[in-house]
Amino acid sequence: MAKNKPKEAAPHEPESSLKQVIAHAKEYGFVYPSSEIYDGLQAVYDYGPYGVELKNNLKQFWWQAMTRLNDNIVGLDAAIFMQPQTWKASGHVDSFNDPMIDNKDSNKRYRADTLIEDKAAQLEAEGEIENAQLLLKRMNELLEAEDLAGVRDLIIEYDIVCPESGTTNWTEVRQFNLMFSTQVGSVAEDSSKIYLRPETAQGIFVNFLNVQKTARKKVPFGIAQIGKAFRNEIVARQFIFRMREFEQMEMQFFIRPGTQAEWFDRWKQVRMRWHETLGIPTEKFRIHEHEKLAHYADAAIDIEYQFPFGFKEVEGIHSRTDFDLTEHQKLSKKKQQYYDPDVSESYVPYVIETSIGADRLFLMTLCEAYTEDTGVDAKGNEKKRVYLKIHPALAPVKAAVLPLVKKDGLPEKAKEIYESLKLDMKVVYEESAAIGKRYTRQDLIGTPYCIAVDHQTLEDDTVTIRERDSTEQERIPVSELRSTLLERVSLQNVLRTLV
RNA sequence: GCGGGAGUAGCUCAAUUGGUAGAGCGACAGCCUUCCAAGCUGUAGGUUGCGGGUUCGAGACCCGUCUCCCGCUCCA
């Protein structure tokens, strides 16, 4: 963000437009469109060398904040494939298998079967009972045969109009299957349909008792998980904000029924503090309270960040009640209860969920970091300077070791320093091109520190450290380099502020 | 899904009415250099997104398609 040039931030021109961030992400090895040589695949992206480092750091920060700062939260890594009954219990199978149709004039979307049923009811009211029954019969046959084109023809044939626009200008009928499916089993007849999980939460719920027993946890306790989830989004856009394959970081916190309101508030605060720790200004966050709640929730909020395309959800906190465990208990006929020695009774725990999109968090970090500034070039002229203001603990590369020139024994000394650091943090060594160009390269990928090895280094064993944002340098002894850097780039120091 | 816009080297862009696909930057190699994309020399990099069509000839014109961006719509 060009914070020192606010006048350029017109309301319609976000300070860092999404386009710039996307271009930067691709050009400097953060995010590429998937299978780009074949024109890509809509809403699927790959993380490049710096992207994967940044994303791993974000995941580490979340994971450690969850599992290390809270001694009652343990981890889990459940499989992507799950027994299909899981999705029956969770409600995913039933709520997302509808034939939908859009009216092109009103841009309204309807369930095709509902439209036809309404028409049948209308016919019946008009006394055409036989016709109405025929209509329903034909619809059911078509739906059974999965003949969606036939369903549309039926709508046209019966002159069913959009209640909004009154026209029959309909799109095709499409089956909205939120979940991706595939086959298990080698022979088609024997194979069964299974789904790629549309959320990671169910892996936690079905393992609730396993984890509770083996980790010997008492309610209240939590299970944290990071993993891929898949949703066949109809419209997937805005770069990595909404992807068909994405990564969730979820924590399900199991509590005694009746205590959900206080735990909900508690986790809301904890999660907000976590976000603010990384230095993003508070005013760029907004809490969105849900009015329309999902089938499983009794309270829900989104933590929204001001992306270049508006305030959008980064993390959701939901009070899921005992919905999931109860449903699993019903369908599996296995008790999902916990005996609480404190109150001497068994119950199905309530759940508070915190669910954050790793990819959205990544995008938020990148949007926030992208900075255009003015600097001074080698000739003393003003020039545009672009750099990524990423928190040092998250930066893909922590430091670059750079010999001032490629001679006089400086490369040898610099390599020696590089070797002494590389086990402690991600560092790079670079000797090609002028020092200024090498600084700029590091700025562009957000490296917080550049260590220059110059002739003085050979004399008194000191180096200069250049700080990315200010471009200022300080000279310190090589012997203090490792500890100085670690203090500034380590995740532990950020976590410490959260304790 | 609807509407609008875009696609030429890694990036930014050029290419007369339809007539030999180019430049700058970047990358890489070498030289030179004591600190913010410096200089010199050289090298690599393109079926002009893809597929058809019109034409003697298409980067340009026509059709289709893919991808991306913006707005609407959708998002248990």
Side-chain angles (χ1 to χ4, degrees), chain A residues 12 14 17-24 26-29 32-45 87 90-98 100-110 169-174 176 178-179 198-199 201 231-239 241-242 290 292-297 300 302 308-310 312-313 316 318 323 375-381 383-387 402-408 410 432-444 450-458 463-464 466 468 470-473 475:
Chain A
H12 301 295
S17 80
L18 186 60
K19 251 187 177 161
Q20 284 172 297
V21 172
I22 294 169
H24 193 91
K26 191 192 160 213
E27 190 166 359
Y28 296 102
Y32 316 120
S34 161
S35 3
E36 199 187 6
I37 61 169
Y38 295 109
D39 277 339
L41 180 63
Q42 197 180 54
V44 184
Y45 291 89
W87 306 113
S90 69
H92 286 84
V93 171
D94 293 334
S95 14
F96 272 85
N97 249 331
D98 306 322
M100 306 294 283
I101 191 166
D102 291 354
N103 184 273
K104 292 180 187 174
D105 296 318
S106 63
N107 274 333
K108 292 290 171 195
R109 178 168 294 167
Y110 303 94
N169 191 6
W170 297 108
T171 61
E172 297 303 300
V173 175
R174 287 152 310 168
F176 275 48
L178 170 92
M179 291 191 286
E199 65 175 19
R231 291 182 201 184
N232 196 3
E233 302 280 0
I234 306 310
V235 179
R237 268 204 303 212
Q238 270 140 352
F239 195 39
F241 183 80
R242 178 166 288 121
H290 285 215
K292 224 175 77 186
L293 294 170
H295 59 268
Y296 52 72
D302 292 340
F309 43 90
K312 298 282 178 184
E313 175 186 359
H318 308 113
F323 176 86
V376 180
D377 69 13
K379 295 166 192 155
N381 301 317
K383 53 134 202 189
K384 188 171 123 181
R385 178 170 174 250
V386 174
Y387 61 105
L402 314 169
L404 186 58
V405 293
K406 208 175 3 175
K407 59 173 187 180
D408 304 333
L410 297 186
S432 86
I435 187 94
K437 185 177 279 192
R438 282 175 280 159
Y439 284 149
T440 300
R441 283 176 185 150
Q442 297 305 320
D443 286 344
L444 289 165
C450 286
I451 297 142
V453 173
D454 55 17
H455 292 95
Q456 193 182 328
T457 307
L458 301 180
V463 289
T464 63
R466 167 192 179 270
R468 178 195 61 208
S470 64
T471 76
E472 273 164 18
Q473 300 188 52
R475 185 168 281 275

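Below, chains carry the letters A, B, ... as their sequence lines are ordered, and counting in each starts from 1. Given the structure is predicted, the values throughout are model-derived calculations rather than measurements.
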Student: Of A/Gln238 and A/Gly436, whose nearest nucleotide on RNA chain B comes first from the 5' end?
Tutor: A/Gly436
Student: Of the non-hydrogen atoms in A/Tyr45 and A/Pro33, which two are nearest, and what is the gap between them?
Tutor: CD2-CA, 3.6 Å
Student: Just compare B/C35, B/C11, B/U33 and give me whichever is closest to any side-chain atom of A/Val405.
Tutor: B/U33
Student: Within this structure, what is the NZ-to-C1' distance between A/Lys19 and B/C11, rounded to whole angstrom?
Tutor: 15 Å
Student: Report the nucleotide, chosen from B/C35, B/A37, B/C69, that has the shortest atom-to-atom distance to any side-chain atom of A/Ile22.
Tutor: B/C69
Student: Given B/A37, B/C69, B/A76, identify the nucleotide with an atom nearest to the side chain of A/Phe239.
Tutor: B/C69
Student: For A/Ala43, report the nucleic acid contact type (base, sugar-phosphate, nothing); a contact means any heavy atom under 4.0 Å.
Tutor: sugar-phosphate
Student: Using the C1' atoms only, state how far B/G30 lies from B/G49, rounded to an integer number of Å.
Tutor: 37 Å
Student: Determine the minimum heavy-atom distance between A/Val386 and A/Asp443, stating which atoms define it.
Tutor: O-CB, 4.1 Å
Student: Side chain of A/His92 only, heavy atoms from C-beta on: which candidate in B/A76, B/A37, B/U34 is closest?
Tutor: B/A76
Student: Can you tell me the pairing partner of B/G64 across any strand shown, Watson-Crick or G-U wobble, with both distances under 3.5 angstrom?
Tutor: B/C50
Student: Determine: side-chain N/O of A/Lys312 to OP1/OP2 of B/C75, distance under 4.0 Å, yes or no.
Tutor: no
Student: Does A/Asp454 make a side-chain donor-acceptor contact with the base of B/C35, cut-off 3.5 Å?
Tutor: yes
Student: Starting at atom NZ of A/Lys26, determine the distance to atom C1' of B/G10, rounded to an integer number of angstrom.
Tutor: 7 Å
Student: With the side chain of A/Thr471 defined as its heavy atoms from C-beta on, choose the nearest nucleotide among B/C69, B/A37, B/C36.
Tutor: B/C36
Student: What is the distance, to the nearest angstrom, from the OH atom on A/Tyr28 to the C1' atom on B/U12?
Tutor: 11 Å
Student: Distance between the C1' atoms of B/A15 and B/G59, in whole angstroms?
Tutor: 9 Å
Student: Please work out if A/Gln473 contacts a base, only the sugar-phosphate, or nothing of the nucleic acid, heavy-atom cut-off 4.0 Å.
Tutor: base
Student: Pairing check on B/U12: which nucleotide meets the Watson-Crick or G-U wobble criteria with it, both distances under 3.5 Å?
Tutor: B/A23
Student: For B/A27, does either OP1 or OP2 sit under 4.0 Å from a side-chain N or O belonging to A/Arg441?
Tutor: yes
Student: If you define the side chain from C-beta out and look only at heavy atoms, does anything of A/Glu36 sit under 4.5 Å from A/Lys26?
Tutor: yes
Student: Using a heavy-atom cut-off of 4.0 Å across all strands, would you classify A/Leu402 as base, sugar-phosphate, or nothing?
Tutor: nothing
Student: Please state how far atom CD1 in A/Ile37 lies from atom C1' in B/G46, giving the value in whole angstrom units.
Tutor: 16 Å
Student: Kindly give the heavy-atom pair with the smallest separation between A/Arg441 and A/Ser432, and that separation in Å.
Tutor: NH1-O, 3.2 Å
Student: I want to confirm an ordering. Mapping A/Arg475 and A/Ser432 to their closest nucleotides on RNA chain B, which one lands closer to the 5' end?
Tutor: A/Ser432
Student: Examine distances only and state if a side-chain atom of A/Arg438 and a backbone atom of A/Pro403 form a donor-acceptor pair shorter than 3.5 Å.
Tutor: yes
Student: What is the pairing partner of B/C32, taking Watson-Crick or G-U wobble pairs with both distances under 3.5 Å in any strand?
Tutor: none
Student: Which nucleotide, B/C75, B/A37, B/C36, lies nearest any side-chain atom of A/Leu444?
Tutor: B/A37
Student: How far does the P atom of B/U73 sit from the matching atom of B/U48, given to the nearest Å?
Tutor: 40 Å
Student: Taking the side chain of A/Thr464 as its heavy atoms from C-beta onward, which of B/C69, B/C35, B/A37 lies nearest to it?
Tutor: B/C35
Student: From the list B/C68, B/U33, B/A29, which nucleotide is the closest neighbour of the side chain of A/Gln42?
Tutor: B/C68
Student: Any N or O donor-acceptor pair under 3.5 Å from the base of B/C36 to the side chain of A/Arg466?
Tutor: yes
Student: Students often get this wrong, so: under 4.0 angstrom with heavy atoms, is A/Lys406 touching a base, only sugar-phosphate, or nothing?
Tutor: base
Student: Whether A/Lys407 contacts B/U33 is assessed here as follows: a side-chain N or O lying under 4.0 Å from the phosphate OP1 or OP2. Is that the case?
Tutor: yes
Student: What's the gap between B/A44 and B/C66 when it is taken at their C1' atoms, as a whole Å value?
Tutor: 29 Å
Student: Mind checking the P distance from B/A9 to B/U65? Whole angstroms is fine.
Tutor: 24 Å
Student: Please name the pair of heavy atoms, one in A/Gly316 and one in A/Asp302, separated by the smallest distance, quoted to 0.1 Å.
Tutor: CA-OD1, 4.0 Å
Student: Whole angstroms only, please: what is the CG-P distance between A/Asp443 and B/G26?
Tutor: 15 Å
Student: Mind calculating the distance between CD (A/Glu313) and P (B/A76) to the nearest angstrom?
Tutor: 9 Å
Student: Using the P atoms only, state how far B/A37 lies from B/G42, rounded to an integer number of Å.
Tutor: 24 Å
Student: Whether the side chain of A/Asp408 engages the backbone of A/Leu410 through a donor-acceptor N/O pair (distance < 3.5 Å, no angle test) should be reported.
Tutor: no
Student: Base, sugar-phosphate or nothing for A/Arg438? Non-hydrogen atoms, less than 4.0 Å.
Tutor: nothing
Student: Nearest whole Å is fine: how far is B/C75 C1' from A/Phe241 CZ?
Tutor: 10 Å
Student: Nearest to the side chain of A/Pro198 - B/C35, B/C69, B/A76?
Tutor: B/A76
Student: Please give the nucleotide sitting opposite B/G3 as a Watson-Crick or G-U wobble pair, both distances under 3.5 Å, or none.
Tutor: B/C70
Student: Please give me the minimum heavy-atom distance between A/Tyr32 and A/Gly29, naming the atom from each residue.
Tutor: OH-CA, 3.5 Å
Student: Go ahead and name the base partner of B/A38; Watson-Crick or wobble counts if both distances stay under 3.5 Å, otherwise write none.
Tutor: none
Student: Would you measure the distance from the C1' atom in B/G64 across to the matching atom in B/G26 and give it in whole Å?
Tutor: 36 Å
Student: With rounding to whole Å, what would you report as the distance between B/C63 and B/A29 at their C1' atoms?
Tutor: 47 Å
Student: B/U33 P sits how many Å from A/His455 NE2, rounded?
Tutor: 10 Å
Student: Which nucleotide wins on minimum distance to the side chain of A/Glu27, given the candidates B/C35, B/C36, B/C11?
Tutor: B/C11
Student: Between A/Tyr387 and A/Arg385, is there a cation-pi geometry (under 6.0 Å to ring centre, at most 45° from the normal)?
Tutor: yes
